[in-house]
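Since the structure comes first, as structure tokens, the remarks are kept for the end.
Side-chain atoms are counted along with the backbone in the values below, which use heavy atoms only and exclude waters and symmetry mates.
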Amino acid sequence: MPSPTVAALLLCLAAAPATPSAPGEGPAPDPEIEVLAASLLPGQRAAVEKAVGGLQALPRYRLDLALDTEGHRLSGRVQVVLSPAQATEEVFFRIPANAPFLDSGAGPAVTVGKVSCDGKPAEASALGNGTLRVDLQPPLAAGARAVVELELEARIPDLSNQGLRSDAQLMQQAFAFMAGAAAMDERTDHGVFGHAGTAYNLAGFFPELVRYEAGTPEVATEPGRGEPGWGPLANYTVSIVAAPDFQIAGTGTEIGQTPEKDGRRRSTRVAAAVRGFALFAGQGFKEQRATAGKVRIRVLAPEGQGEQPRKLLDVAKRSVQHFSERFGPYPWADLELASAPLHGGVEGLAYPGLVFASTMLTDPGLATSMAMFVPDPRKVNDGVLEMVIAHQVAHQWWRGVVGSNSRERPVLDEPLATYSALLYIEMRRGKKAANELLRSQVRDAYNLYRMLGGRDASVDRPIGDFGGRAEIVGLLNGKGALYYDRLRKLAGDKLFFVALRRHYKDNFFGEISSDGVLLATAAVAPAKAQAALELYERYMRQLHGDEDVGGPRNFADALQQSGMQVDPATKALLEQLGAAFGGAMPVAPAAPAPAKPPPGGTGP
């Protein structure tokens, strides 16, 4: 185990180049890079380094944090080592937890204190939308290096009142789970920075470098729709001090735990070539471990939840195994999952190397609440659990390795993650089970959205243009995922899976702006390229959802098709409920087709 000074040593590493080696030997290894590389599978390091131009070319974050679980605060400092490709006199950071729509009246959750650049005070300006501008004086030349340091103090929001506690609320969530969508349209971060009881979700709290699109910084406000956006590739060294009975999970690989003088414990972890960083801390949590090949899988869940945490572990393990064989290798050494308090109708969220799995997935109360409607509620819940976890694990491939701008074009990763989860189900349970979940979790997500009065619309548009959770699930995870099922039928299994592997290989640690699976399919099956393009246009941009998806158009029929027991009186009541939501027949008409393709180029 490293000595107590290892975290301080890593955080104080200067931006100076590595010590020169003897003439003719080439540059000496950078000790910080060697530590960071521990987070990569040994057999993948060379491929990752080649793809990113060397780990030393990426920005480096160094976070030194302290978690106060009595005052519910997080404090510390962040160092960011910059080496821009172009000369610049300013740098922009995003603090997702300070997005204006999250302010409940208490002000921003995160306060930035002193800011310096290379040890000298620097001017910092909050832009009022969760974005921070830091002036660099003198300006930083192209290729030069600088260390920006920021002190932070964060108030961790209380999620307890936003959780689902009563039987009625559990019932509401049960309906949402079975339909694969939740009719919740408020803007939310789903609780990725917050606490409930002794569980702490720690994401989006520190200043993160913004994306640049065509040389322009992306400083717009977080849309508050869908999953939190991931940023540019970077390296992270993160140290967090917490009470000794708290378990820590997070992005990357833990390289040591050391005791503090006050009795607390410091956990230090590193992550190389990742598009963001998140942590989870929990008291009264039990860990379970497994391996998928050489990848270490770890699950943290509250004690006393029976077999559900083991199921999380099993699905994560088998997903990593299957996706590595089907798409290409998982390049990092670790993947961790935490049973986390989430809200806003979301069952799980993915960060690089870390999955937040909603506590609803492991809560025995969910199956109890469904028992009066569903003959075998555990079977329903297990199917949802498998789909959710496999979907979130798939994001490690489709957003983690193959990057994309999930704010501007979520169509490039979200539908593919959903279809990848179905491929996992097919591998694990067989084609019949996969087809059943294709109906209940994909088709019915679109149908529920329509029953709630939603309109068919283009899938290929910025996440901020979606009306809320129900529309995201209905269109991106519903109609959008069906596109890949149709593309597979068009190309045939052999060529379709060749195309998936080619997409992963060609875009390994790159960032795509067009549908890579479509392009790969056209390359391996040129005779079907035009038909594949037309299929993309039909499902992702045109308005044929009702025709292509098919299915029930009222609540009573939908519940009966899902296996629920619905008597005549209840059916009449549900029909009245559908009318109240605007979802009784006839359904709302489709929205007009877009006059021109959405941002991201003229092609798919």
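A salt bridge links R429 with E386: the distance from a Lys NZ or Arg NE/NH1/NH2 to an Asp or Glu carboxylate oxygen falls below 4.0 Å. Of the charged side-chain nitrogens involved, at least one lies within less than 4.0 Å of a carboxylate oxygen, so that R269 and E336 count as a salt-bridged pair. The existence of a salt bridge linking E303 and K286 is excluded, since no basic side-chain nitrogen approaches an acidic carboxylate oxygen closer than 4.0 Å. Electrostatic pairing of D314 and R428 counts as a salt bridge here, judged by a charged N lying under 4.0 Å from a carboxylate O. At a threshold of 4.0 Å, the pair D334-R298 does not count as salt-bridged, since none of the basic side-chain nitrogens sits closer than that to a carboxylate oxygen. For the pair E426 and K431, the salt-bridge criterion is met [side-chain N within less than 4.0 Å of a carboxylate O]. Using a cut-off of 4.0 Å between Lys/Arg side-chain N and Asp/Glu carboxylate O, E347 and R469 are scored as salt-bridged.
Ring pair Y61/Y236 is parallel by interplanar angle, where below 30° counts as parallel and above 60° as perpendicular. Under the 30°/60° scheme for interplanar angles, the aromatic rings of W332 and F509 are found to stand perpendicular.
For an aromatic pair to be called close, the ring centres must be under 6.0 Å apart, and F206 with F277 fails this. When ring centroids are compared, H503 and W397 stay outside the 6.0 Å threshold.
Between the side chain of N201 and the backbone N or O of F193 there is no donor-acceptor pair closer than 3.5 Å. Panel note: side chain Q308, backbone L361; a donor-acceptor pair is recorded below 3.5 Å. A donor-acceptor contact shorter than 3.5 Å is absent between the side chain of E511 and the backbone of G403. At distances below 3.5 Å, not a single donor-acceptor pair connects side-chain atoms of S324 with backbone N or O atoms of Q321. The backbone N or O of A278 lies less than 3.5 Å from a partner atom in the side chain of T251, making a donor-acceptor pair. S358 places no side-chain N or O within 3.5 Å of a backbone atom of L342 that could act as its donor or acceptor partner. Side-chain atoms of T268 never come within 3.5 Å of backbone atoms of G256 as a donor-acceptor pair (strictly under, hydrogens ignored). Of the possible donor and acceptor atoms, one in the side chain of T198 sits under 3.5 Å from a partner among the backbone N and O of Q283. A donor-acceptor pair under 3.5 Å is absent between the side-chain atoms of N98 and the main chain of P108, judged by distance alone.
Looking only at side-chain heavy atoms (C-beta outward), L476 and F466 come within less than 4.5 Å of each other. Between P96 and D189, every side-chain heavy-atom pair lies at or beyond the 4.5 Å cut-off. Side chains of L152 and I95 form no contact here, defined as non-hydrogen atoms less than 4.5 Å apart. Side-chain contact between E414 and H391 is present, with heavy atoms from C-beta onward closer than 4.5 Å. Considering only heavy atoms from C-beta on, V401 comes within 4.5 Å of P331 through its side chain. The shortest distance between side-chain heavy atoms of F93 and V80 falls below 4.5 Å. Residues P259 and R265 have side chains not in contact (no heavy-atom distance under 4.5 Å, counting atoms from C-beta outward).
For the residue pair H395 and A350, the shortest heavy atom distance occurs at CB-CB, 3.8 Å. Summarising the geometry of A97 relative to L102, their closest heavy-atom pair is O-CD1, 3.8 Å, with the distance given to 0.1 Å. Between V393 and S319 the shortest heavy-atom distance is CG1-CB, 3.8 Å. Summarising the geometry of P341 relative to L159, their closest heavy-atom pair is O-CD1, 3.5 Å, with the distance given to 0.1 Å.
For the pair R275 and W230, the cation-pi criterion (under 6.0 Å, within 45° of the ring axis) is not fulfilled.
L300 contributes atom CG, which lies 8.5 Å from atom CZ of R289 (distance to the nearest 0.5 angstrom). Taken from CH2 in W398 to CG in L500, the straight-line distance is 5.5 Å, to the nearest 0.5 Å. For the atom pair OG (S420) and CZ (R326), the distance works out to 10.5 Å, reported to the nearest 0.5 Å. For the atom pair CG (L438) and CG (L422), the distance works out to 5.5 Å, reported to the nearest 0.5 Å.
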**OP:** Test D64 against R266 for salt bridge (Lys or Arg N to Asp or Glu O under 4.0 Å), laying out the working first.
**Re:** CA-CA 10 Å; D64 189 8; R266 179 183 297 274; 2.9 Å; yes
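With no hydrogens or angles considered, no side-chain donor-acceptor pair links D413 and S406 at under 3.5 Å.
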